[in-house]
Amino acid sequence: MKKSFLFFLTLLGSIGFLFSQNNNKLLHYNDSQKEAYRFNASLSALGYQSEDILRINYRKNSKDGMSWKKREQKYDCSKTLLTKEKLMSTFWVMDPNEAYILLFYSDDYFVIGGRHADPFAFGKYKIDNGRLVLYSYDYNSNVELCKKIFIKDEVYCGLNTKSDNLFYEHELVLNKPNNSKSNLQGISFFPEGAFKKDASSALVDGKYVITKKSKKTLSDNVKFRTKPSLNSDTQNIWLYEEKYYGTPDEKTAVIKKGESVTTYARTDKYETIDGVTACWYYISIPAPDAIQFGWIFGGYFEGSKKEKIDLSDSSRYEVHDLNMFLSFDYDGWNTQVYDSPDLNKATYTLKKGDEVKITRFINVLASGNSCVEVELSNGTYGFISMKNPYKDGNFSHKETLSLEADKIEILKFSGSFIISEGTFIKELPWEKAKSLHEITHKEGDSYFKASAITADYKWVEVTVNGQTGWVPAKELSRDIGGPTIYTPEKTVIWELIDSNLI
C-alpha cells in the first residue's frame with residue numbers, strides 16, 4: 001500500500017483543458033471541447049478574469065465576483081459555530097490531495113479547482129440552520145470529482161469539529177444530514193490552519209492512533225510496513241528503488257540506519273519485539289516528487305532501546321493511559337525524572353522551559369509506588385513520582401454507553417458535591433437526554449453523592465433524593481463558589497507543580 005502527497009498533480013487529464021500563458025487561448029487534450037468552452041463561458045460571464053492562470057488576482061471589491069488566491073490562514077478552531085466568516089477565513093483542501101481546493105467569498109460565491117490550475121466548479125453558498133448549502137452551481141462535467149459532489153440541486157455540508165483525520169481537527173463533510181456523522185459521498189474538505197495537535201485521536205488505516213509529530217533518527221535498519229504489525233506486508237521504499245535498482249526487494253523494504261524520518265502518530269498500545277518495548281509509529285520518508293507513508297516499530301529510534309520499560313505484566317503494574325502535556329514556565333521545583341517505575345535512580349531534574357508529555361500512570365503493586373511515565377522534549381522517556389488518583393477504584397472503567405453514533409466511556413468515581421440551583425438532572429450523560437429533576441433552591445444548599453464520571457470528565461452521576469441521574473460537571477462545586485472536581489489529569493498537574501514529588 002502506497003500513500004503520498006503529490007503537490008504537483010497532472011490535472012490536465014481530468015479537467016480536459018488549460019489556458020496558454022502566452023496568448024490565453026484554450027487548448028484541448030480530449031474530445032470534450034464543447035463542454036470546456038461552455039463551462040468557461042459561464043465562468044467568464046461572472047467577471048472572472050486573469051492575466052496569469054497561476055496567479056489570478058483578487059480585485060478587492062465585494063462586487064467584483066470571484067477570485068482564486070491563496071489567502072491568509074486565520075482559522076480559529078476554538079469556534080465551532082459554522083459562519084460565513086469562518087468559511088472565508090482560510091482555504092479548504094482535500095486530503096491527502098492538496099491540489100484540489102475550495103474557497104468562499106464575501107459575495108456568496110464558492111469556487112472549487114486546482115491549486116495550480118483553473119477552477120472547474122463554482123456556485124452560490126449560504127448557511128441554513130447551522131449547515132452549509134451549495135446551490136445554483138455550474139461545473140465542468142469532464143471532472144469526475146464534480147460528478148461525485150453535485151448529485152442534487154442543493155448540496156448540504158456539515159462542519160465536523162472532531163475529525164478523525166490525521167492532520168486536521170475540523171472538516172466540511174459533503175452531503176452530511178443533520179445530526180449525522182455519515183459522509184455519504186466520501187468527500188471532505190479540511191481548513192488550512194486547523195492542524196491537529198499532538199496527543200489527539202486520529203484514524204489511520206482503520207485503526208485509532210495518537211498523533212505525535214516529531215523528527216526521529218533510526219539507530220538500526222527497520223522494515224517499512226503497511227500496517228503496525230510484524231504480520232503485515234513490507235513495502236518498497238521509492239527512494240531506494242532507484243538507488244538499488246535491480247536488487248532483491250528486501251533491500252528496498254528496509255529503512256537504513258541513520259535515516260531521518262518524520263513521525264505523525266503512534267499506536268496506543270506497546271509491544272515487545274526482540275526485548276525492546278515500544279509503540280508502532282506512522283511515519284513518512286521522502287520519495288522522488290512525493291512523500292511516502294507507512295509504519296515502523298518505534299524501538300529503533302536513537303535513544304529509545306534503553307529508555308522504554310515493559311509495563312505489560314498486570315501482576316506487577318496497574319497502568320492507565322494519560323495523554324497530556326505540561327510546560328514549565330518556571331524552574332521545575334526540583335522535580336526528578338527516574339529511569340524506572342521503581343524510582344531508584346534519578347536521571348534528570350526538570351528545568352524552566354522544559355516540556356513533557358505524560359503518557360501513562362503506573363502503580364507498582366509490590367512497593368505501592370505510583371508514578372507517571374513521561375516523554376521529554378528530546379524524545380527520551382522517564383518516570384516522575386506522584387500520588388495515586390486511582391486509589392480505591394476511583395477512575396477505573398465501569399461501563400460503555402452508546403448514544404447515537406457516540407460511545408461514552410463511564411468511569412468509577414466518588415465524592416460529595418453541591419449542585420447549582422436550576423440544574424437539570426438528566427437520565428443519561430447527554431444534552432438531549434430526558435430531564436428527571438430540576439435542583440431547587442433548597443436542594444442547592446445540600447451535598448449529594450457522586451458515583452461515576454464520563455471519561456472526558458464533563459458529566460457526573462449523582463443521586464438526589466433517591467433518584468440517580470447525570471449533571472454537567474461544571475455545575476458541581478465542593479462549596480458554593482468553590483473549585484470543581486479533581487480529575488486524574490488535574491491531580492497530575494497539582495502533584496507536578498505544587499509539591500516536590502519526594
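Excluded from the calculations below are hydrogen atoms, water molecules and symmetry mates; all remaining heavy atoms, backbone and side chain alike, are included.
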Side-chain contact, heavy-atom cut-off 4.5 Å: [X] with [Y]?
X	Y	answer
T440	E421	no
L87	L132	yes
R225	I296	no
R131	C157	no
K357	V374	no
L103	F110	no
K223	F297	no
I358	I384	no

Does either side chain, that of [X] or that of [Y], offer a donor lying less than 3.5 Å from an acceptor on the other one?
X	Y	answer
Q336	Y338	no
S214	T263	yes
T262	K215	yes
T217	S260	no
D205	Y282	no
E461	S451	yes
N363	S370	yes

Evaluate the ring planes of [X] and [Y], with Trp represented by its six-membered ring, and classify them as parallel (under 30°), tilted (30 to 60°) or perpendicular (over 60°).
X	Y	value
F190	Y168	parallel
H320	Y390	parallel
F395	F413	tilted

field: Output field: ring centroids Y264/F293 closer than 6.0 Å
entry: yes

message: Quick check with a 6.0 Å cut-off and a 45 degree axis cone: is K351 positioned over the face of Y348's six-membered ring?
response: yes

message: Before you tell me yes or no, could you show the steps for T90 and E192 under side chain to side chain donor-acceptor pair (under 3.5 Å), namely the whole-Å CA-CA distance, both residues' side-chain angles and the distance that decides it to 0.1 Å?
response: CA-CA 6 Å; T90 187; E192 288 291 283; over 6 Å; no

Keeping the roles fixed (side chain from [X], backbone from [Y]), state whether a donor-acceptor pair exists under 3.5 Å.
X	Y	answer
N165	F167	yes
Y447	I419	no
S232	K227	yes

field: Residue from K426, E443, Q467 passing side-chain hydrogen bond (donor to acceptor under 3.5 Å, both in side chains) with H437
entry: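 The residue from K426, E443, Q467 that satisfies side-chain hydrogen bond (donor to acceptor under 3.5 Å, both in side chains) with H437 turns out to be E443.
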
- prompt: Under the criterion side-chain hydrogen bond (donor to acceptor under 3.5 Å, both in side chains), which of K124, K126, K84 is the partner of D108?
  reply: K84

field: Result of checking W295, Y300, F301 against Y281 for ring pair (Phe, Tyr, Trp, His ring centres under 6.0 Å)
entry: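 Single pass found, and it is F301.
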
- line: Exactly one of F189, Y125, Y100, Y75 clears ring pair (Phe, Tyr, Trp, His ring centres under 6.0 Å) with W92, and that residue is Y75

query: Just wondering, more than 12 heavy atoms not from D313 lying within 6.0 Å of its CG?
result: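 Check passes, neighbour count above 12.
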
Distance (rounded to the nearest 0.5 Å) between [X] [atom1] and [Y] [atom2]:
X	Y	atom1	atom2	value
I127	L82	CD1	CG	4.5 Å
K212	R266	NZ	CZ	8.5 Å
F424	E431	CZ	CD	11.5 Å

- prompt: Could you walk me through whether D164 and Y208 pass the side chain to side chain donor-acceptor pair (under 3.5 Å) check?
  reply: CA-CA 8 Å; D164 287 335; Y208 278 100; 3.0 Å; yes

- request: Could you check T463 against K449 for side-chain contact (heavy atoms from CB on, under 4.5 Å), going step by step and ending with a plain yes or no?
  value: CA-CA 6 Å; T463 301; K449 289 185 177 181; 5.6 Å; no

task: Would you please name every residue forming a side-chain contact (heavy atoms from CB on, under 4.5 Å) with N231, sequence neighbours left out?
output: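 So N231 forms a side-chain contact (heavy atoms from CB on, under 4.5 Å) with S229.
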
message: Working note: S414 + N394, criterion side chain to side chain donor-acceptor pair (under 3.5 Å); need CA distance, chi angles, decisive distance, verdict.
response: CA-CA 7 Å; S414 62; N394 270 359; 3.3 Å; yes

I285/F224 under side-chain contact (heavy atoms from CB on, under 4.5 Å): CA gap, chis, key distance, verdict: CA-CA 10 Å; I285 184 171; F224 195 34; 4.1 Å; yes

Chi angles and distances behind the side chain to side chain donor-acceptor pair (under 3.5 Å) call for E373, T359: CA-CA 6 Å; E373 180 188 60; T359 54; 2.6 Å; yes

